[in-house]
Amino acid sequence: MDKTYSPKNFEERIYKLWEENECFSATPNPSKKPYTIVIPPPNITGQLHMGHALNQTYQDILIRFRRMQGYEALWLPGTDHASIATEARVVEQLKREGVQKEELGREGFLSRVWDWKKEYGDRITKQIRKLGSSCDWSRERFTLDEGCNRAVEKVFFDLYEKGKIYRGLRIVNWCPSCKTSISDIESEYEDEDGFFWHISYPLAGGGGSIEIATTRPETLLGDSAVAVHPDDERYKHLVGKTVTLPLTGREIPVIADEYVDKDFGTGAVKITPAHDPNDYEVGLRHDLPFHFMMNEDGTISDECGGKYAGLDRYEARKAIVADLESEGLLVKVMPHKHSVGHCQRCNATVEPLASKQWFVKMKELATPAIDKVKDGSIKFVPERFTHSYLNWMENVRDWCISRQLWWGHRIPAFYCDDCGEITVDISHSDAVKCRKCGGATHQDEDTLDTWFSSALWPFSTLGWPEETNDFKYFYPTATLVTAADIIFFWVARMIFSALEYTGEIPFDTVMLNGIVRDEHGKKMSKSAGNGVDPLQVIDKYGADALRLMLLTGNSPGNDIRWREEKITAARNFANKLWNASRYVLMNLPADFVAEINPDKLAVEDKWVLTKLGDTCDSVTLQLERFELGIAAGKVVDFVWEVLCDWYIELTKVREDKQTALSVLLCALEGGLKLLHPFMPFITEEIYRNLPQRSDDILMKEPWATKNNLLYYPKEAADFEKVAQLIKKLRTLKQEKNIAGKLSVEIETNDVTLFVTSLPFFYQLAATEHATVTTAVSDKQGKTAVITEHATAFLLVDTAEEAARLRKELAIVQKDVAFLTAKLNNAGFVAKAPAAQVDKEREKLNAANEKLSKLLRQSETLS
RNA sequence: GGAAGUUUAGCUCAGCUGGGAGAGCGUCAGUCCUACAAACUGAGGGUCAUAGGUUCGAACCCUAUAACUUCCACCA
């Protein structure tokens, strides 16, 4: 083994080893319990970022842990076709060639996207491998593959038959840049400084005017009415009258509607039913005409644009404001902060637009999805995310699922050329006939929201709608690990889809990972240029160090701040383990066979084995509770503090090398097993270098448990006492600035224990001529006297020693007073649990004992 | 407007069901001891945001306040 930890030398080789030995593959096995995770499919347009790294690390830990525990563990990987993002990417590519997608036609364009997918689609999964992710790559899926398409079409068909999918004219968020509708959650609102334009609408036939206020003056071209509150005294007399719409000359009515807020703006609102969600509702209530004043690309329509037709929406705004001003109808312009929706994908300002789209009726689907979370069948970790899930589900609005894009699952709806009837057909026959009149049909040009196929991911990837063996065995899946920002996009939709189609929950636990922020706590983003590239980090420090860094000091759902110091600390631990393993190997002959005879075990052997057993318990418990950071911390502590700082040092002075080395090897192997889910590469590499292990694979080994180990709590506690005294001596030596060795006299009731432990005092605390007695005898030259209960002291400078003793006495007396007061408190004794009272009583006894020893020592001194 | 989260050592953060406050890094002091200076040994450092309350007992539970962060809704 190399002298320092150099992950580059083995990570790739180890990953290949696992793949060649099919360590990641899972098959239905009736004698085992399944444990399934489906990957949140990354976009094929994506590049690995820290968010993936964190998410992948969590999943890989869980899956490796369960695999070692004996579950048939399946981690099913795949990628997302990401319709809007991918289509935009290819359109951009074509643009550079000077080609419009329309010129290629649907088929031509799609073949270009598939080419693109072939070239870049597996970039992200290649990158994921570098993290050590143990996905069953033989089962890799794609949200736009044939199986997913079958599932999508079946769902669409059934939902349509059940009346849960409908097509209708509704206000949707329209992105004029992507030229498609987007769903509510795909538009992101941001406060922007804008203006409030007050415009005067003259009454038809003269005799005054009514003043309205708007943030989007250009939309007046599509106005159908002016609305006021029915109780508004200022305008009551105008209701029912007609005003002349400026710049168009069109006459529109003044209507009364409760929707209007009397106290906002002027109390009078222009109503544009085709271009505003509230106005749409008002328009329906009052049976107003819909005037479409804007085209798909954000330009002003011919229909009501007049001289502004063809202008871009913002140019039109300028022109209209200027014209209003010159006509004297612009009353005033006020600065106004308001939130503006932007397309999640391209950041263009979205326009609310009335449009014929396909929707999923959400109310009924939401009910069971709410119940299954409320009754605990599906749990969120951490729990607090349950609230936002339920809050969203309980107020969910119908889901707009159609997109005016080509890259995606095409909507299997056919319109009759004769009667216009809709026929949903998933037979893929050449000529679908109208189900009503039998006439020829043409298929809907639109595709489905990417999330429609993602919603089926946990079961479509296992073969559904076929009742495959995989589906029967691996479904429902166990844990879903994802980021909180896609609870609505994805998690919620998987839950209601699964319940509707499979009749079962898709997973029982949703574990949320936080996001990785930069060192100032800012979100990492491409535009800010503050992203840290995981691949570069792996290159420099190794994947294991990155993984450990992402875990330590973090609890589920909380964000992580990137710091260079954290990754070096993680790397340093890897190096520590590496070197400890080198030490073990240096001392072991290649043909070494570990042999642990309980009769030959020394107290420190029993201590380290017991510590290992305790570590197994707590790591397992914490992993089961999804406290991955705590679990990792426990293993690190065992390896670094117990194994490296203590046990290895102890073995150096042992006489019974065979036993010591056997125990050492056992402790190291145990540590490697417990650490493996967190740091798979280094543990595997070390394991294969251990004697007799060159053909074994650590990731296939059974999980370490206390039951498989010898366990000696009594001796472990004994050894703790020895370790405590050694620490005391070290402190003393530093405080007293003693450079060389010193003699020591140990006072204890357990003479045998300390006599056998004397070599450790020589080795670990630089002492010599130690003697162990049941009572402190007499002053000698430069001798430290230490007792199990009191701190050591030197019998050299009596004055100094007396001062130190007084200080310590004061502390112990305070302890005694505190504990006595507590136990004298009638309330405490009466109401606290008995075990707690006993515990405090024991503490008091110990403190009293320590106090009396200290008192005796100070007598000896004076 | 509604909701959630955070506030603990100089810094970054743990602290699971309430029982005398922890880690890493940094700081200071001392170490080349036959694995490791990417290390070892030790020390110092906190009114657990503030104010009340519940309790025998509060970093932890309740109420209010403040600051920061995030999500949802509305914004003519």
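First the proteins, then the strands, lettered A, B, ... as listed; each starts at 1. These numbers come from the heavy atoms of this one structure, side chains and all, not from hydrogens, waters or symmetry mates.
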Under a 3.5 Å threshold, yes or no: a donor from one side chain and an acceptor from the other, between [X] and [Y]?
{"X": "A:D223", "Y": "A:Y201", "answer": "yes"}
{"X": "A:T386", "Y": "A:K379", "answer": "no"}
{"X": "A:D191", "Y": "A:H338", "answer": "no"}
{"X": "A:N558", "Y": "A:S555", "answer": "yes"}

Assess whether atom CD of A:E519 is packed by more than 12 heavy atoms of other residues, nucleotides or ligands within 6.0 Å.
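No, because the 6.0 Å sphere around CD of A:E519 holds 12 heavy atoms or fewer from other groups.
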Separation between the [atom1] atoms of [N] and [M], rounded to whole Å:
{"N": "B:U70", "M": "B:C36", "atom1": "P", "result": "48 Å"}
{"N": "B:U69", "M": "B:A59", "atom1": "P", "result": "28 Å"}
{"N": "B:U65", "M": "B:A39", "atom1": "C1'", "result": "49 Å"}
{"N": "B:A43", "M": "B:A23", "atom1": "P", "result": "11 Å"}

Need one value for [X]: base, sugar-phosphate or nothing, where a base atom within 4.0 Å counts as base even if backbone is also close, heavy atoms only.
{"X": "A:S388", "value": "nothing"}
{"X": "A:T215", "value": "sugar-phosphate"}
{"X": "A:F385", "value": "nothing"}
{"X": "A:V260", "value": "base"}
{"X": "A:Q622", "value": "base"}
{"X": "A:I648", "value": "base"}

Between atom [atom1] in [X] and atom [atom2] in [N], what is the gap in whole Å?
{"X": "A:W392", "N": "B:C71", "atom1": "CH2", "atom2": "P", "value": "16 Å"}
{"X": "A:I682", "N": "B:A38", "atom1": "CD1", "atom2": "P", "value": "16 Å"}
{"X": "A:K652", "N": "B:A35", "atom1": "NZ", "atom2": "C1'", "value": "7 Å"}
{"X": "A:E641", "N": "B:G22", "atom1": "CD", "atom2": "C1'", "value": "12 Å"}
{"X": "A:R571", "N": "B:A37", "atom1": "CZ", "atom2": "P", "value": "12 Å"}
{"X": "A:Y5", "N": "B:A35", "atom1": "OH", "atom2": "C1'", "value": "17 Å"}

Side-chain heavy-atom pair A:L661, A:N587 within 4.5 angstrom cut-off:
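In contact.
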I want to know whether [X] and [Y] have ring centres closer than 6.0 Å.
{"X": "A:F10", "Y": "A:W578", "answer": "yes"}
{"X": "A:Y647", "Y": "A:F638", "answer": "no"}
{"X": "A:Y389", "Y": "A:F380", "answer": "yes"}

How does each nucleotide of nucleotides 1-10 of chain B score, in 5' to 3' order, for protein heavy atoms under 4.0 Å: base (B), sugar-phosphate only (S), or none (-)?
---SS-----
Check for me whether A:R517 meets the cation-pi criterion with A:W562, that is, NZ or CZ under 6.0 Å from the six-membered ring centre and within 45 degrees of the ring axis.
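Relative to the ring axis of A:W562, which defines the angle, A:R517 lies outside at least one limit.
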Salt bridge check, A:E211 against A:R234: does any charged N sit closer than 4.0 Å to a carboxylate O?
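A:E211 and A:R234: not salt-bridged.
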Tell me whether A:K822 is salt-bridged to A:E840, with the criterion being a basic N under 4.0 Å from an acidic carboxylate O.
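Between A:E840 and A:K822 there is a salt bridge, with a charged N closer than 4.0 Å to a carboxylate O.
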Stem list for RNA chain B, please, built from Watson-Crick and G-U wobble pairs under 3.5 Å and keeping only runs of at least 3.
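Expected stems, ordered by start: B:1-7 with B:66-72, B:10-13 with B:22-25, B:27-31 with B:39-43, B:49-53 with B:61-65.
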Near-strand residues of residues 810-823 of chain A, defined as heavy-atom separation under 4.0 angstrom from RNA chain B:
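Here the set is A:D815, A:F818, A:L819, A:K822.
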